[in-house]
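Right, one structure below, let's go through it.
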Amino acid sequence: MVQAESVCKNFGALQVLRGISLEVQHGEVACLIGPSGSGKSTFLRCVNHLEKVNAGRLRVDGELIGYRERAGKLYELSPRDAARQRRDIGMVFQHFNLFPHRTVLANVIEAPVLVKGKSRDEATVHALDLLDKVGLAAKADAYPAQLSGGQQQRVAIARALAMEPKLMLFDEPTSALDPELVGDVLAVMRDLAQAGMTMLVVTHEMGFAREVADQLVFMADGVVVERGNPRAMLEDPQHERTKTFLSKLL
Ligand code: ADP
Ligand code: MG
């Protein structure tokens with residue numbers, strides 16, 4: 001579902017991604033870990049068209065992201081084609097970014113109605129089902145400010161799912177939450193994983209990585225240092241940098 005081959009991204013002279021290579025299979029959950037500044041968010045942003053890669057190939061479901069390749073040359077996708085690719089990818093951020101002046105339900109149906117052209121009725125039925133799945137059916141008419149951070153994050157997940165994405169990206173979805181609210185959000189993510197969603201998750205919740213992820217990816221300085229089975233990697237990391245990082249984390 002995700003295939004990165006030597007993906008590079010720089011901001012001016014700063015080389016942030018220096019040849020990221022990884023694969024995430026259909027239905028797999030991959031957790032991405034690594035020191036702050038190692039390029040985890042930038043990588044997710046490249047997958048979701050928020051940044052453009054400078055070199056290498058990034059594919060989602062077999063399609064090159066942001067570019068079209070013809071006779072070995074890359075051409076930028078039209079905004080329309082890029083938008084079509086983006087529609088299939090859901091993203092959840094550390095800060096939930098809900099529209100504060102709209103109800104929970106209005107937040108969830110916005111994109112399906114505006115971007116996908118669904119009828120309000122159809123979008124509402126789907127949204128209420130999703131809100132039920134994240135445990136917030138009773139909050140459909142509440143405003144974001146009336147919810148806890150964990151509830152807002154679960155709304156953000158429902159909002160992303162409302163677009164029926166084939167891939168979900170999570171960028172430290174629980175790091176802004178009070179500790180007692182983290183579990184509910186992780187439980188929703190676990191359910192989603194069990195339902196077969198392909199997920200790429202930046203998180204330092206090692207319990208989640210161990211129990212839910214099929215793959216753990218350790219990034220440092222813009223490269224993938226090590227990736228593999230989470231349990232095996234946590235118990236017996238192969239690289240010195242991974243060892244050092246994990247020992248600080250656990
Ligand atoms: P991580 O998520 O692993 O903490 P990031 O991907 O956010 O790392 O950042 C990696 C590096 O790229 C950092 O040094 C950061 O300052 C830099 N960076 C990220 N976005 C930009 C940007 N838009 N312009 C310039 N530098 C950026
Ligand atoms: Mg980050």
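Order of appearance sets the numbers: ligands from 1, and atoms from 1 within every ligand. All values reported here derive from a predicted model rather than from experimental measurement.
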Between R45 and E51 (salt bridge meaning N to carboxylate O under 4.0 Å), is one present in this structure? yes
Note: D191-K133 ion pair, threshold 4.0 Å (strictly below): no
Heavy-atom closest pair (L216 atom, P230 atom, distance to 0.1 Å) is CB-CA, 3.9 Å
Could you name the protein residues that come within less than 4.0 Å of ligand 1, counting only heavy atoms, and order them by chain and residue number? F11, L14, V16, P35, S36, G37, S38, G39, K40, S41, T42
Identify, with sequence neighbours excluded, every residue that meets side-chain hydrogen bond (donor to acceptor under 3.5 Å, both in side chains) alongside R87. none
Using a strict cut-off of less than 4.0 Å between a Lys/Arg side-chain nitrogen and an Asp/Glu carboxylate oxygen, indicate whether E69 and R59 qualify as a salt bridge. yes
Would you kindly check if the NZ (Lys) or CZ (Arg) of K73 is within the cone defined by 45 degrees around the ring axis of Y75 and under 6.0 Å from the six-membered ring centre? no
Salt bridge (Lys or Arg N to Asp or Glu O under 4.0 Å) with R241: which residues, sequence neighbours excluded? D221
May I ask you to decide whether E235 forms a salt bridge with R210, counting only side-chain N to carboxylate O separations under 4.0 Å? yes
Pick one: which of E110, E164, E122 meets salt bridge (Lys or Arg N to Asp or Glu O under 4.0 Å) with K116? E164
Within less than 2.8 Å of the Mg ion (ligand 2): protein N, O or S atom count: 1
